[in-house]
Amino acid sequence: MKFFIDTANLNEIKAAQALGVLDGVTTNPTLMAKEGITGKNNILKHYVAICNSVDGDVSAEVIAIDYDGMIREGEELVDLHDRIVIKLPMTKEGIMACKYFSDKGIKTNITLVFSAGQALLAAKAGASYVSPFIGRLDDVSTDGLALIDEIRLIYDNYGFGTEILAASVRHTMHVVNCAKIGADVMTAPLSVILGLLKHPLTDIGLAQFIADFEKGNK
């Protein structure tokens, strides 16, 4: 499973890259605003900085909600860097824009997916990635992981090349369970990625090894 980091913070991206497990980045207008990055030119420059900090795909989201606006913004984004993936909303206009870009060989990521039917449409339109938001489904008492399972079954049934990108990942067990189900990618904050390192028995064992070494070398 590929590991993407969901952030616009360059220090967090560089930390995940240094760990040696990072495959890409997802971000959105909310995450940009969280870092104080506002204004079109500043946002575009920041996307380039992100692309220059990683080796994999970087999803850059359009703001427009109309088809023509999505095409215009998407073309501007993809010209920034060869790692850019155009992030489009799961709407009629977003699916139409996805088909437009996929026909041109341009990578796309359909975001805000909450049903298997939406994921099926995204795959039919040629999306490179589809992003089901599992944490937000959990928030409304719906099983987000079950959606990943449904999409995996449908995509395998028909050999769709669209990759399942599990988004809105909240904790380490989301990551582990997505890997068990067969999600192609997961995107999460740095804290969740680092959380996979932790286990109390590892800490206890390491402390014991060090203590035994020091005892034997006094």
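What you are looking at is a predicted structure, and each value in this text was computed from that prediction instead of being measured.
Listed for the H46 side chain is a donor-acceptor partner under 3.5 Å among the backbone atoms of A8. Checked by atom type and distance alone, the side chain of T162 never pairs as donor or acceptor with a backbone atom of V130 at under 3.5 Å. A distance-only check finds a donor-acceptor pair linking the side chain of S102 to the backbone of A125 [under 3.5 Å]. Under the 3.5 Å distance criterion, the side-chain polar atoms of H81 are left unmatched by any main-chain donor or acceptor of I84.
The side-chain heavy atoms of R136 and R170, taken from C-beta on, include a pair separated by under 4.5 Å. Counting heavy atoms from C-beta outward, V48 and K45 have side chains that stay 4.5 Å or more apart. Residues I5 and E12 have side chains in contact (heavy-atom distance under 4.5 Å, counting atoms from C-beta outward). Inter-residue side-chain proximity for E150 and L145 is flagged as unmet; no heavy-atom pair is nearer than 4.5 Å. Between I164 and V185 the shortest side-chain heavy-atom distance does not fall below 4.5 Å. A 4.5 Å side-chain heavy-atom check between Q118 and I110 finds every atom pair outside the cut-off. Between K87 and V62 there is no side-chain heavy-atom pair separated by less than 4.5 Å. Side-chain contact between S53 and L10 is present, with at least one heavy-atom pair separated by less than 4.5 Å.
When the side chains of ILVMFWY residues are joined at heavy-atom separations under 4.5 Å, either directly or via intervening members, I13 and F4 end up in two distinct hydrophobic clusters. When the side chains of ILVMFWY residues are joined at heavy-atom separations under 4.5 Å, either directly or via intervening members, V54 and I43 end up in a single hydrophobic cluster. Both V25 and V169 belong to a single network of hydrophobic side chains, linked directly or stepwise wherever heavy atoms of I, L, V, M, F, W or Y lie under 4.5 Å apart. In the hydrophobic clustering of this structure, L197 groups with L22; members are Ile, Leu, Val, Met, Phe, Trp, Tyr whose side-chain heavy atoms approach within less than 4.5 Å, directly or through other members. Using a 4.5 Å cut-off between side-chain heavy atoms of Ile, Leu, Val, Met, Phe, Trp and Tyr, with links allowed through other members, L196 and I134 fall into the same hydrophobic cluster.
Ionic pairing of R152 and D184 is present here: one or more N-O contacts between side-chain nitrogen and carboxylate oxygen are shorter than 4.0 angstrom. Ion pairing of D57 with K2 is absent here, as no side-chain N (NZ or NE/NH1/NH2) approaches a carboxylate O to less than 4.0 Å. Of the charged side-chain nitrogens involved, none lies within less than 4.0 Å of a carboxylate oxygen, so that K107 and E163 do not count as a salt-bridged pair.
Going from atom OH of Y100 over to atom CG of D68 covers 10.0 Å, rounded to the nearest 0.5 Å. Between the OG atom of S168 and the CG atom of D139 there is a distance of 6.5 Å, given to the nearest 0.5 Å. Separating the CG atom in L120 from the CG atom in N157 is a distance of 10.5 Å, to the nearest 0.5 Å. The distance from the CG atom of L206 to the NE2 atom of H199 is 14.5 Å, given to the nearest 0.5 Å. Atom CD1 of residue I193 and atom CG of residue L190 lie 6.0 Å apart, to the nearest 0.5 angstrom. Considering CG of D6 and CE of M186, their distance stands at 9.5 Å, rounded to 0.5 Å.
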CA sep, side-chain torsions, deciding dist, call: T111, F133, side-chain contact (heavy atoms from CB on, under 4.5 Å): CA-CA 8 Å; T111 189; F133 277 43; 3.3 Å; yes
Candidate pair E75 and F101, rule side-chain contact (heavy atoms from CB on, under 4.5 Å), full reasoning: CA-CA 9 Å; E75 289 178 337; F101 287 118; 3.8 Å; yes
T30 vs K34, side-chain contact (heavy atoms from CB on, under 4.5 Å): CA-CA, chis, key distance, verdict: CA-CA 6 Å; T30 300; K34 183 180 177 182; 5.8 Å; no
Stepwise side-chain contact (heavy atoms from CB on, under 4.5 Å) check, I95 with T91: CA-CA 6 Å; I95 289 297; T91 62; over 6 Å; no
E61 and N109: CA distance, side-chain angles, deciding distance, side-chain hydrogen bond (donor to acceptor under 3.5 Å, both in side chains) verdict: CA-CA 9 Å; E61 189 163 347; N109 177 0; over 6 Å; no
Evaluation steps, salt bridge (charged side-chain N to carboxylate O under 4.0 Å, His left out), between K198 and D203: CA-CA 8 Å; K198 300 175 183 178; D203 296 338; over 6 Å; no
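Annotation for M1 and V175: closest pair CE-O, 3.6 Å, computed over non-hydrogen atoms. Here the closest non-hydrogen pair linking A116 and I151 is CA-CG1, 4.3 Å. Minimum interatomic distance between V113 and S115 (heavy atoms only, all atoms of both residues): CG1-O, 3.7 Å. Annotation for A183 and I148: closest pair CB-CG2, 4.1 Å, computed over non-hydrogen atoms. When all heavy atoms of L80 and Y47 are compared, the closest pair comes out as CD1-CB, 4.0 Å. Summarising the geometry of T108 relative to C98, their closest heavy-atom pair is OG1-SG, 3.4 Å, with the distance given to 0.1 Å.
A donor-acceptor contact under 3.5 angstrom links the side chains of T26 and T187, judged on distance only.
Counting non-hydrogen atoms of other residues, nucleotides and ligands closer than 6.0 Å to CD1 of I65 gives a total of 12 or fewer.
Below 30°, between 30° and 60°, or above 60°: for Y158 and F160 the angle between ring planes is between 30° and 60°, a tilted geometry.
Partner of I50 under the side chain to side chain contact (heavy atoms under 4.5 Å, CB included) criterion, chosen from V58, N9, T7: V58.
The side-chain hydrogen bond (donor to acceptor under 3.5 Å, both in side chains) search around R83 returns none, not counting sequence neighbours. By the salt bridge (charged side-chain N to carboxylate O under 4.0 Å, His left out) test, R72 pairs with no residue at all, sequence neighbours left out.
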